[in-house]
Amino acid sequence: MDFFYLGILIFLFVLATFDLSVGVANDAVNFLSPAVGAKAAKFRTILIVAAVGIFVGASTSSGMMDIARHGVLNPHYYTLSDVMCIFLAVAATDVILLDIFNTLGMPTSTTVSMVFGLLGGSTALAFSKILDGGHTYADLINTDKALSVIIGIFLSVAIAFVFGFIVMWITRVLFTFQYKKHLRYSIALFGGVSVTSIFYFLLVSGLRTSPILANIGWTPDWIDQNKFEILLTCFCLFTALMEVLYLCKVNIFRIVVLFGTFALAMAFAGNDLVNFIGTPLAGLESFIDFTKNGSGINPENYSVSVLAGESHLPFKQLFLIAAGVVMTVAICTSKKAHKVVETTVNLSRQDEGEEVFSSSRLARRTVRGVLNATNTMSKYVPSCVSRWINTRFDQEDAVLEDGAAFDQVRAAVNLVLAGLLIVVGTSLQLPLSTTYVAFMVAMGSSLADRAWGRETAVYRITGVITVIGGWFITAGAALIVSFLIATINHLGGFFAMILVMCVVALVVINNNRKFKQKREQDNVDTLFRQLVRCHDKAETWQLLLQHVRRTQTDILEFTRNTFRNITQGLMHENMKFLRTASHDIENEKGIWKRYRRKEILGMRKIDYLVAVEKNTWFHLGCNNATQIIYGLKRMLEPCVEHVDNNFSPLPQDYVDEFIPVCNDVDHFLEVAQRMISTGNFEGVDELLVEGNAIKSRISQIRHAQQDRIQREDSNIKIALLYLSTLQETQELMSAARHILRASKRFQTQ
């Protein structure tokens, strides 16, 4: 039996190792997004600063938060067997949920995942004890503590957003977007306040219980008693230092951003380490206590009351250092970390850029409501005040680093304010989620910075709603999944736990495989990001040319496949082909809408004379691509209705007549696709003539079909369906010819 629990512990530590890398990928958004978005330094430099902060934070951490040991469950009423079931369920749930969210590129909370996982797993075992009699739910679960954790976590969403908006608005009014003109008398104060705030945040949240500070007498009680003196001294010293550095031509905002990145990374590693290794270490301490004191006692009857007190785990510091090494390697190598950071940066970027989310009804209603409220409030604001404020938000000559999503002023505000809010939460003993605080501060500051213009607001709000919704889904999913896994573990025993381990391994492998596939499908978006960051007009034109070429090639590939599925589905009464076509059309509509918007943004960045020359052919290609998508949808809908209702099939003479047309259309699309993708338009005139001949042939068949309907007593439903399909095929050919002709004129000089 001891060997069985030792095996579970080994698996828990394997999961913890993976959880550390997955968790860092998720929480990288907390401390990387401001610096990456503002281009405060090279990405490698930012990673090094964050990695050092993570390693120092993990290595100097006091170890464990009580939440993993006795913050949710009451250890006096649980046995070794119980906690092993719970901890396995929590670890499995945590890894599965975080890996899914990271694969989707969505930031979530490791704190929420762990807390609700513990609550779900502990509740599952608590129910079994309640059914056995003698205990109440309040005896088994620390409901007050769990409720305070949950309330504190979700309150941080609204608090961080509101404060992010207010502080950023005030800061922007003071500095404006041309902030380098207004630094002489304000930068020292701003730098002093910022660095003091970050230092105090580092002291309270990162090093508060560190043995290093304890050795010099800076205990938590001493820090609390002397916090005013610490703040005043730091403010005076750092303000003077910032003024000296400014006079030496040093970029103060860059210092604040990098120092804030280090501090937030360090505090994250120190405080959130429990989210990753808390349950394995609690399980290890329980197992060690059992091996020492549980001789001859069944693990199902051995109480783990050792978890109720302070941790006395031997070699704990070595575990923390090892965790720091894993997290440091993960932040430097994880592609998922880069993807999660991209999500937050794109939602808060100053320019229009790449919108990764679509519009939603709630977002549209929210924007409309805010516009109405703003128009009403503006009537009561004096026009001179309104004009002055607008001059402070003038973005015409904004100071942005090459390729930056926003400026370093906003990056500094995001980091300083996130740190301050976490310090306040810690002082008030409110367990705030660092992910929620950092993300919502970034969203509030971007709103205050007027980054959410009327052209982008619905997309940004949809993104924020999606991310917040994902957080609540994390909570509910962690509770339910952990409850179910713990119940299965408890009822199924050894075999159930083995099954859970296998399922977790398969899920993790599958999610990583899907993530790699998704990365391969994002090549066009990568090309667009290069286009947006490019400032050389000639190079921008080449990137846009490449992007348009690939987009049109994809459209024709989609057209070939969808047209084939529709016609084959109709002629062979195959609903699977028709459903595939329906799914592909809906998917392509969303993709094409985003690509068209991106390429219009690209057209704005190229040389004006080139744009004037190419505009007509660019928009001709775009309009006909849209016509193809909606033409295929019009062709599909009556086919689906006909086949799905099991109406009579197409007569064989219709099929024999239509198959050559389908083959000719497919051949035309294949050759046109090859010409556009390679940029070699040799023989294009002959192909256009061939396409026109196909159109004429379809027109003759269509007129013949109209005569049949008029003269023959045939099935009217089938006759009209065939006529409609012929007409849409003819329109498809016309649009495809226009795309080919437009692409030739667009690509050639």
Side-chain angles (χ1 to χ4, degrees), residues 34 37-38 157-194 196-197 235 239 242-243 246 252-253 256-257 347-353 363-401 404-418 420-421 424 437 440-461 464:
V157 174
I159 293 172
F161 184 82
V162 171
F163 274 89
F165 177 85
I166 294 172
V167 174
M168 187 65 239
W169 191 88
I170 295 172
T171 304
R172 188 59 71 189
V173 168
L174 291 175
F175 286 103
T176 76
F177 282 96
Q178 298 84 34
Y179 61 88
K180 291 186 177 180
K181 299 178 181 179
H182 306 277
L183 299 182
R184 181 67 186 87
Y185 302 104
S186 57
I187 189 60
L189 289 175
F190 179 83
V193 170
S194 299
T196 299
S197 302
F235 173 72
T239 300
M242 292 301 109
E243 180 65 23
Y246 172 71
I252 302 301
F253 290 107
V256 172
V257 170
L347 285 175
S348 56
R349 67 183 306 115
Q350 194 65 40
D351 56 26
E352 292 182 332
R364 291 191 292 270
R365 290 183 176 179
T366 301
V367 171
R368 191 173 296 112
V370 170
L371 288 174
N372 292 336
T374 303
N375 292 334
T376 302
M377 293 173 61
S378 63
K379 297 177 182 178
Y380 302 97
V381 178
S383 58
C384 58
V385 175
S386 179
R387 283 196 301 271
W388 181 78
I389 291 175
N390 286 334
T391 61
R392 309 303 287 180
F393 284 87
D394 183 12
Q395 302 180 30
E396 185 174 349
D397 297 318
V399 180
L400 283 176
E401 297 295 326
F406 43 82
D407 64 11
Q408 294 177 13
V409 175
R410 199 199 312 170
V413 169
N414 288 350
L415 287 164
V416 172
L417 188 57
L420 280 176
L421 289 176
V424 172
V437 169
M440 294 311 295
V441 165
M443 295 302 102
S445 65
S446 63
L447 177 61
D449 239 1
R450 301 187 179 182
W452 297 5
R454 294 189 66 161
E455 301 300 322
T456 59
V458 289
Y459 306 116
R460 307 285 174 89
I461 292 174
V464 173

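It should be emphasised that the depicted structure is a prediction, and the values quoted were computed from it without experimental measurement.
Of the possible polar contacts, none joining the Thr196 side chain to the Val193 backbone as a donor-acceptor pair under 3.5 Å is found.
Once rounded to the nearest 0.5 Å, the distance linking CG of Leu189 with CG of Leu174 reads 10.5 Å. To the nearest 0.5 Å, atoms CD1 (Ile389) and SG (Cys384) are separated by 9.5 Å. To the nearest 0.5 Å, atom OG of residue Ser197 and atom CZ of residue Phe235 are 9.5 Å apart. Here the straight-line distance linking atom CZ of Phe393 with atom CG of Asp449 works out to 6.5 Å at 0.5 Å rounding. Atom OG of Ser445 and atom CZ of Phe163 lie 14.5 Å apart (nearest 0.5 Å).
Taking the side-chain contact (heavy atoms from CB on, under 4.5 Å) definition, one finds that Ala412 meets it with Phe190, Phe253, Val256, Val257, sequence neighbours left out. Residues satisfying the side-chain contact (heavy atoms from CB on, under 4.5 Å) criterion with Phe165, sequence neighbours excluded, are Leu447, Ala448. For Asn390, the side-chain contact (heavy atoms from CB on, under 4.5 Å) partners are Ser386, Arg450, not counting sequence neighbours. Under the rule for a side-chain contact (heavy atoms from CB on, under 4.5 Å), the partners of Val157 that lie at least two apart in sequence or sit in another chain are Tyr436, Met440, Ile468, Trp471.
Considering all non-hydrogen atoms of both residues, Ser446 and Arg410 come closest at CB-NH1, 3.2 Å. The heavy-atom pair separating Val416 from Ser194 by the smallest distance is CG2-CB, 3.6 Å. For the residue pair Asn414 and Pro34, the shortest heavy atom distance occurs at CB-CG, 4.1 Å. Nearest heavy atom pair, residue Met242 against residue Gly191, reads CG-C, 3.6 Å. Looking at every heavy atom in both residues, Thr171 comes nearest to Val167 through OG1-O, 2.7 Å.
Only one option out of Leu417, Val173, Val413 pairs with Met168 in a side-chain contact (heavy atoms from CB on, under 4.5 Å); it is Val413.
Between Gln408 and Ile252 the shortest side-chain heavy-atom distance does not fall below 4.5 Å.
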Stepwise side-chain contact (heavy atoms from CB on, under 4.5 Å) check, Arg172 with Val409: CA-CA 8 Å; Arg172 188 59 71 189; Val409 175; 4.1 Å; yes

